[in-house]
K.L.:
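I'd like to ask you about the structure that follows.
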Amino acid sequence: MRISVFSAHKYERDHLERARKIAGLAASFDYYEVSLTSKTVSLAETASAVCVFVNDILDDSILEKLNLYGCKAILLRCAGYNNVDMVSAKKLGFFVANVPSYSPESVAEYAVGLIQTLNRKIFLAHDRVRMGNFLLDGLLGICLKGKTVGIVGTGRIGMCFARIMNGFGCRLLAYDPYQNNDFLRYGTYTNLDNLLAESDIISLHCPLFEGTTHIINKNTLHKMKTGAILVNVSRGGLVDTEATINSLKEKHLGGFAADVYEREGLVFYLDHSTDIIADDALMLLTTFPNVIITGHQAFFTEEALAEITKTTVDNAICFFQKSNCANNLVVQNAIPPQDAKPAPTKF
Ligand code: NAD
């Protein structure tokens, strides 16, 4: 029994091996740094399961290949499953399990870190001080107390984010087709247009599916306050990059902090420091003084890694023992996210 682990980095191997030993999983892991694509799928030829991350591709053709190899399980080391063709996976009889939650606090805390790094220009100040420049010109920020923060998606991460921003003394607005009564402790729900118009800071915490793709686009950017800050630690595809660049150039959007990027699969999690990166939009963004881009690391804490690897190993045990799995996306009929219809909302 072998499990092919794609997009495997050293920091995960140690955690996975520890979790495997603790849980007594008999199957062994084969680690591959490359991501799962049509070119690398043959690495799973002798595997019973693949273990994958956010940028591995599990479309119909790759699932067909895995099926031919007799590889029948997809163990996601993440919550999102927008990279899996769930219709095809169900049709082919795959076991697909995710890690629905792993330290949502880690992601929310990171979003707050990005906001203050951008708002208070800490990243610019750090560079200056290293060059012996202690001038304050250009480093002016705003105080968060009393500012309006718009939260798009009040699920696990959005709620942690709301709790922290409430602590800063911010006024909180939220938009979510499925409202969560717990949020009412911190703020009020409104429609997306109103949230965009009133917020000084907008933070995205909704999943990516067809209905949320480019939820931030030319039109919605136009509806934001001049000078507003946009934060995306959710999925890159929520934001239309070109429209965002234009809004920044027009000095309408005041700042952009993103831990995710819509074409990140070609660049993130690899060292390109001696390459020419061909993604012009990404490279342009890295030159703006009011933009911070990081490489999908909001989840990256000791606590989250321990939870991810433990749940992944538990999911693998369920697959091999053919026992019930609480995270089985096929049984949950969690398909297809692209067609997910939000519940009717009063807005
Ligand atoms: P969750 O499922 O608990 O919450 C998502 C919320 O979004 C739900 O309340 C849902 O009703 C809401 N939603 C759905 N459609 C919406 C829409 N059209 N507009 C507004 N809200 C909508 O998920 P979560 O655990 O809070 O995670 C949120 C997202 O964060 C994930 O989908 C994932 O993409 C991302 N994420 C990123 C990282 C990272 O390291 N950067 C780590 C974990 C998760």
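Order of appearance sets the numbers: ligands from 1, and atoms from 1 within every ligand.
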K.L.:
Would you kindly say whether Thr154 and Asn180 are connected by a side-chain donor-acceptor distance under 3.5 Å?
P.N.:
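Distance-only check fails for Thr154 and Asn180.
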K.L.:
Select the closest option to atom 32 (O) of ligand 1 among Pro207, Ala79, Ser106, Gly80, judged by heavy-atom distance.
P.N.:
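Ranked by closest heavy atom to atom 32 (O) of ligand 1, first place is Pro207.
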K.L.:
Do any nitrogen or oxygen atoms of Phe299 come within less than 3.5 Å of a nitrogen or oxygen of ligand 1?
P.N.:
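Between Phe299 and ligand 1 (N or O atoms, distance only) the closest approach is under 3.5 Å.
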K.L.:
In the structure I gave you, are the side-chain heavy atoms of Asn55 and Leu266 within less than 4.5 Å of one another anywhere?
P.N.:
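Asn55 vs Leu266: side chains apart.
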K.L.:
Could you list the atoms of ligand 1 found under 4.0 angstrom from a heavy atom of Tyr175?
P.N.:
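Heavy-atom distances to Tyr175 below 4.0 Å select 19 (N), 20 (C), 21 (N).
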K.L.:
Any sub-3.5 Å donor-acceptor pair from Asn119's side-chain atoms to Gly141's backbone N or O?
P.N.:
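Answer holds: no.
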K.L.:
Decide whether an N or O pair under 3.5 Å exists between Gln297 and ligand 1.
P.N.:
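For ligand 1, there is no N or O atom that lies under 3.5 Å from one belonging to Gln297.
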K.L.:
Taking heavy atoms and a distance under 4.0 Å, where does Tyr110 meet ligand 1: side chain, backbone, both or neither?
P.N.:
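Neither part.
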K.L.:
Quick one: does ligand 1 sit under 4.0 Å from the side chain of Thr154, the backbone, both or neither, non-hydrogen atoms only?
P.N.:
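It is the backbone that touches ligand 1; the side chain stays farther off.
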K.L.:
Kindly write out the residues that satisfy side chain to side chain contact (heavy atoms under 4.5 Å, CB included) with Ala281, not counting sequence neighbours, or none if the list is empty.
P.N.:
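Side chain to side chain contact (heavy atoms under 4.5 Å, CB included) list for Ala281, sorted by chain: Thr241, Glu242, Ile245, Tyr261, Arg263, Asp279.
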K.L.:
Within a strict 4.5 Å, meaning less than it, do heavy atoms of the Asp259 and Gln297 side chains meet?
P.N.:
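Yes, side chains in contact.
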K.L.:
Taking non-hydrogen atoms only, is His296 closer than 4.0 angstrom to ligand 1 via side chain, backbone, both or neither?
P.N.:
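Just the side chain.
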K.L.:
Which bit of Val107 is near ligand 1, meaning a heavy atom under 4.0 Å away: side chain, backbone, both or neither?
P.N.:
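Under 4.0 Å from ligand 1, Val107 contributes side-chain atoms alone.
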K.L.:
With a 4.0 Å cut-off on heavy atoms, is Ser101 touching ligand 1?
P.N.:
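Flag not set, Ser101 not near ligand 1.
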K.L.:
With no hydrogens and no angle check, just 3.5 Å: does a side-chain donor-acceptor pair link Asn217 and Thr220?
P.N.:
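Yes, a side-chain donor-acceptor pair sits under 3.5 Å.
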K.L.:
Considering the heavy atoms of Thr212, write down every atom of ligand 1 situated less than 4.0 Å from one of them.
P.N.:
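Those qualifying, in numeric order: 17 (C), 18 (N).
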K.L.:
Would you mind checking if Arg77 and Glu12 are paired as a salt bridge, meaning a charged N to carboxylate O distance below 4.0 Å?
P.N.:
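Looking at Arg77 together with Glu12, the answer is yes, because their closest N to O distance falls below 4.0 Å.
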K.L.:
Going by the atom numbers of ligand 1, which of them fall below 4.0 Å from some non-hydrogen atom of Val152?
P.N.:
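Result: 20 (C).
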K.L.:
Closer than 4.0 Å to some heavy atom of Tyr178 - which atoms of ligand 1 meet that?
P.N.:
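Near Tyr178, the atoms of ligand 1 are 11 (O).
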K.L.:
At less than 4.0 angstrom from any non-hydrogen atom of Tyr102, what atoms of ligand 1 do you find?
P.N.:
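What qualifies from ligand 1 is 42 (C), 43 (C).
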K.L.:
Run the salt-bridge test on Arg20 and Glu17 with the 4.0 Å N-O cut-off and return the result as yes or no.
P.N.:
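Salt bridge flag = yes for Glu17 with Arg20.
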K.L.:
Under 3.5 Å, is there a donor on one side chain and an acceptor on the other for Asn67 and Lys72?
P.N.:
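Present: a donor and an acceptor within the cut-off.
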K.L.:
Just jot down the ligand 1 atoms closer than 4.0 angstrom to any heavy atom of Ala298, in number order.
P.N.:
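This gives 39 (C), 40 (O), 41 (N) as the contact atoms.
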K.L.:
Got a sec, which residues hit side chain to side chain contact (heavy atoms under 4.5 Å, CB included) with Ser323, two or more places apart in sequence or on another chain?
P.N.:
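Per chain and number, Ser323 pairs via side chain to side chain contact (heavy atoms under 4.5 Å, CB included) with Cys318, Gln321.
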K.L.:
So is Pro177 touching ligand 1 or not, going by heavy atoms under 4.0 Å?
P.N.:
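Checking ligand 1 against Pro177, which is what was asked, there is a heavy-atom contact under 4.0 Å.
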K.L.:
Do Asn327 and Asn98 pair up side chain to side chain, a donor and an acceptor below 3.5 Å, judged on atom types alone?
P.N.:
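No donor-acceptor contact under 3.5 Å links the two side chains.
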K.L.:
Can you check side chain to side chain donor-acceptor pair (under 3.5 Å) on His9 and Glu33, steps first, answer last?
P.N.:
CA-CA 6 Å; His9 293 275; Glu33 275 193 27; 5.1 Å; no
K.L.:
Give the atom numbers and elements of ligand 1 that come within less than 4.0 Å of a heavy atom of Gly153.
P.N.:
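Once the distances to Gly153 are compared, the set is 7 (O), 20 (C), 21 (N).
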K.L.:
Hey, is ligand 1 close enough to Val233 that some N/O pair sits below 3.5 Å?
P.N.:
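N/O-N/O distance under 3.5 Å: yes.
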K.L.:
For ligand 1, which part of Phe209 has a heavy atom less than 4.0 Å away: the side chain, the backbone, both, or neither?
P.N.:
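Looking at Phe209 and ligand 1, just side chain atoms fall under 4.0 Å.
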K.L.:
Are any of the N/O atoms on Arg235, whether in the backbone or the side chain, positioned under 3.5 angstrom from an N/O atom of ligand 1?
P.N.:
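The answer is yes, given that Arg235 and ligand 1 share an N or O pair closer than 3.5 Å.
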